Amino acid sequence: MLLKLILQGEMVVCAGAGADYRHLFSSASNFSGQPLHQFSSALYSIGNMVVEVVNVSEFQQLAKEILPKMYYDYFTGGAEDEHTLRENLEAFRRITFRPRVLIDVSRTNLSTNILGFDMSSPIMVAPTAFHSLAYSEGEVATAKAAAATNTIMVLSYSSTRTIEEVASSCNGIRFFQLYVYKRRDVSAILVQRAERNGYKAIVLTVDTPKLGRRWRDIKNKMVAPQLKNFDGLFSTEVVAEKGSNLEAFASQTLDSSLNWKDIEWLKSITNLPILLKGVLTAEDAVKAVEVGVAGVIVSNHGARQLDFVPATISVLEEVVQAVGGRIPVLLDGGIRRGTDVFKALALGAQAVLIGRPVIYGLAAKGQYGVTRVIEMLRDELERTMSLCGCCSVKDITRNHVRTERDKLQSLL
Ligand SMILES: Cc1cc2nc3c(=O)[nH]c(=O)nc-3n(C[C@H](O)[C@H](O)[C@H](O)COP(=O)(O)O)c2cc1C
Ligand SMILES: CC(C)CC(=O)C(=O)O
């Protein structure tokens, strides 16, 4: 990977491979961290130089420069020792490719569809809370970027812009993520508002009966913003005497009695297809099929819930095999490169979702930043496909990758 510098209109290659750019972004005393709006691309100033951001990790560095520490930590952090947080990324690195050659890849097609909805590529926007803490326009900017790149956005139940504001901001396919609150009437009202406003599926998050313990939020005394979706329904104001205000809010609101029987309740209040987000085992995947949901998302909530669960990419095959093609299996967690997307598809995911990369793009450059993040991952996927000998996402097979388990088995 190269960092391209554009110096007075001239493009100069200046920094080398796989780099940690913190020395460039943070210790440069005159780094402004400000997007240069006169340029129609992701350019930033460092002293008298102009830098083009070329990958997700550079967007992350910019987000770190721009955001207050409390918010950057909230967006970036994971649960407890953050073992799974690291593992979500590392596990992708342990998978290698088995590329095929002498295949005509002069034309590639990344398009796919989920539950019958077409997308330009198998990369969707995961539900993440509080976008207005990253960028003033919040989820409206994210929705516009998702629409512009023709991908599906899952709006978080804890969005800072309302279901209606996002729906009316632009055309696009959107799903709505649901937390079930102790006040089930409130959750039911939001589901019905999503349905009325054209959201196409409900993504029920099942890994959060309680909020994971996030030390960064505790130390920073993280304050959650007011959530306009709940105006007139109940007050989202919580004052915690110590620790994370968000954790206090979650423990007051989340219904930890939620269980498999409640899928019937959810089905009784909506006609929309339901996806379960947070499935990590074959046992639960089988149950999900049995209760008749439309799909599952293999997710560990971006490693923010239970530390020491495996990386999602490590359990994908187990879930895919248990589901046996009866419903689509999606994956999120640790996707930072197009190569990661390819690996997930090779191991059986129909699509992936990206969480933090979207936030980093949003913090760095609003709608444009999110668009660039999606485009960059899409371009990286396309190149990976070509170099592996795949013209379409359907051409990506299990034989194109080699996992740790494959390596062990080959020794037996
Ligand atoms: C800041 C942040 C907020 C999140 N908020 C939600 C949420 O409101 N609902 C939900 O189901 N998942 C939420 N998630 C989890 C994401 O949907 C997704 O599972 C995760 O971010 C994927 O990992 P990645 O960030 O490595 O891409 C959140 C994740 C982050 C990082
Ligand atoms: C409001 C929170 C429960 C949002 C969330 O899911 C998260 O921070 O991981």
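The first residue in the sequence is number 1, and the count goes up from there. The shown structure was predicted, so the numbers you read here are calculated from the model rather than taken from an experiment. We count ligands from 1, going down the list as the structure has it; atoms in each ligand are counted the same way.
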Residue Arg214 vicinity, atoms of ligand 2 by number, heavy atom under 4.0 Å: 7 (C), 8 (O), 9 (O)
Is there a heavy atom in Tyr74 that sits closer than 4.0 Å to ligand 2? yes
Within a distance under 4.0 Å of any heavy atom of Ala129, pick out the atoms of ligand 2 and give their elements. 4 (C)
Are any of the N/O atoms in Asp332 less than 3.5 Å from those in ligand 1? yes
Could you check whether Phe92 and Phe342 have their ring centres less than 6.0 Å apart? no
The answer for which part of Tyr157 has a heavy atom under 4.0 Å from ligand 1 is neither
List every atom of ligand 2 that sits less than 4.0 Å from any heavy atom of His301, numbering the atoms from 1 in the order shown and giving each element. 5 (C), 6 (O), 7 (C), 9 (O)
Thr128, any N or O under 3.5 Å of ligand 1 N or O: no
What one should report as the nearest heavy-atom pair of Asp307 and Thr84 is OD1-N, 2.9 Å
Atoms of ligand 2, numbered as shown, that sit under 4.0 Å from any heavy atom of Ser158: 1 (C)
Would you check the N or O atoms of Ser158, main chain and side chain alike, for any that come under 3.5 Å of an N or O of ligand 1? no
Heavy-atom contact check, 4.0 Å cutoff: does Phe75 meet ligand 1? yes
So, Phe75 versus Phe130, ring centres under 6.0 angstrom or not? no
Aromatic ring proximity, centroids under 6.0 angstrom, Phe230 and Tyr181: yes
Looking at Gly77, Ser156, Gly333, Pro127, the heavy atom closest to atom 6 (C) of ligand 1 belongs to Pro127
Any idea which atoms of ligand 2 are less than 4.0 Å away from a heavy-atom of Leu246? 1 (C)
Of Gly355, Ser299, Ala129, which has the heavy atom at the shortest distance from atom 21 (O) of ligand 1? Gly355
Which atoms of ligand 2 are found less than 4.0 Å from any heavy atom of Arg304? 7 (C), 8 (O), 9 (O)
Restricting to salt bridge (Lys or Arg N to Asp or Glu O under 4.0 Å), what partner residues turn up for Glu237, sequence neighbours left out? none
Can you tell me if Phe130 has a non-hydrogen atom under 4.0 Å from ligand 1? no
Of all the atoms in ligand 2, which lie at a distance below 4.0 Å from a heavy atom belonging to Phe130? 1 (C)
For Leu211, take its heavy atoms, then give the atoms of ligand 2 lying under 4.0 Å from any of them. 3 (C)
Which residue and heavy atom of the protein sit nearest atom 6 (O) of ligand 2, plus the separation: Tyr179 OH, 2.4 Å
Between Asp406 and the options Arg398, Arg98, Arg94, the salt bridge (Lys or Arg N to Asp or Glu O under 4.0 Å) test singles out Arg398
Return the orientation label for the Tyr179 and His301 ring planes: parallel under 30°, perpendicular over 60°, tilted otherwise. parallel
Where is the tightest heavy-atom contact between Val191 and Leu266, given as atom of each residue plus distance? CG2-CD1, 4.3 Å
